[in-house]
Amino acid sequence: MSQESTISIAEADYIAGAEQAMAKAYAPYSNYPVGALVVAQDGQMFAGCNVENASYPEGHCAETAAIATMVMAGQQRIQTIYIMSQDEQGATPCGGCRQRIREFADNNTPVILCSPKGVQKRLQLSDLLPHAFGPEFLI
Ligand code: THU
């Protein structure tokens, strides 16, 4: 049973997109597939999966791929990000991905951790990256 069982029709689509992305993960070394789905400010969806390689640290995370796809499409604001793993605790983004999300999001941007059973945790970015250093420090 998911922690949060009430989801909207739009959110069901986002979660399904994240699960489809996870199904494409290339994770033969960790066996830990992850999918990410970014909903951009204009409502477009951008998905990514983790892609590993034989030189272990050189792989990239699902969130990184989804953000890169969003930026390539000309979008630079994350409305919400969904992260899908098989983990029923909900996989939290790594430190580097928290910073990458921060670049295009706000402290209160929803970060929604899912498993195939549904939403496991609803967080906001500041839960994961308090006192974040963001672009406003430099611009
Ligand atoms: N991974 C992600 O893609 N996103 C996360 O949020 C956590 C970890 C990937 C990196 C690596 O391919 C595998 O999961 C195990 O660490």
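Computed from a prediction, not measured in an experiment: that's the story for all the values here. FYI, the numbering just counts along the sequence from 1. Both counts, for ligands and for their atoms, begin at 1 and track the order of listing.
Residue contacts with ligand 1 for His60 are absent, since no atom lies close enough (heavy atoms, distance under 4.0 Å).
Annotation: Ala91 places no N or O atom under 3.5 Å from an N or O atom of ligand 1; distance criterion only. Inclusion of Glu63 in the set of residues having an N or O under 3.5 Å from an N or O of ligand 1 is warranted.
Summary of contacts: the protein heavy atom closest to atom 10 (C) of ligand 1 is Cys61 SG, 3.9 Å. When only non-hydrogen protein atoms are considered, atom 12 (O) of ligand 1 lies nearest to Glu52 OE2, 2.5 Å. For atom 3 (O) of ligand 1, the nearest protein heavy atom (residue, atom name, distance) is Ala62 N, 2.9 Å. Atom 7 (C) of ligand 1 has its closest protein heavy atom at Thr92 O, 3.9 Å.
When only modelled atom types and interatomic distance are considered, Tyr32 and Asn50 share no side-chain donor-acceptor pair under 3.5 Å. Under the 3.5 Å distance criterion, with hydrogens and angles disregarded, a donor-acceptor pair is assigned to the side chains of Ser115 and Gln120.
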| task | Might you work through the side-chain hydrogen bond (donor to acceptor under 3.5 Å, both in side chains) test for Asp42 and Gln44, ending with a clear yes or no? | result | CA-CA 6 Å; Asp42 71 347; Gln44 284 189 76; 2.8 Å; yes

| message | Show, in sequence, the C-alpha distance, side-chain angles and deciding distance for Gln76 and Glu103, and conclude whether the side-chain contact (heavy atoms from CB on, under 4.5 Å) test is met. | response | CA-CA 9 Å; Gln76 296 189 349; Glu103 186 68 21; over 6 Å; no

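For ligand 1 and Pro93, the ligand atoms under 4.0 Å from any heavy atom of the residue are 6 (O). Close approach of ligand 1 to Tyr32 (heavy-atom distance below 4.0 Å) involves ligand atoms 13 (C), 14 (O), 15 (C). The ligand atoms of ligand 1 that sit less than 4.0 angstrom from a heavy atom of Ser30 are 13 (C), 15 (C).
Between Arg100 and Thr64, the closest heavy-atom pair is NH1-OG1, 3.3 Å.
Between Phe133 and Phe137, the two ring planes are tilted [angle within 30° to 60°].
Counting heavy atoms only, Asn50 comes closest to atom 14 (O) of ligand 1 of the residues Asn53, Asn50, Leu113, Asn31.
Met84 and Ile78 are not part of a single hydrophobic cluster, where members link through side-chain heavy atoms under 4.5 Å apart.
Annotation: side chain of Val71 is in contact with side chain of Phe104 (closest heavy-atom distance under 4.5 Å). Side-chain atoms of Arg102 and Pro135, non-hydrogen and from C-beta on, do get closer than 4.5 Å to each other.
The shortest separation from a heavy atom of Val51 to ligand 1 is not under 4.0 Å, leaving the residue out of contact.
For atom 16 (O) of ligand 1, no protein non-hydrogen atom is found at a distance below 4.0 Å.
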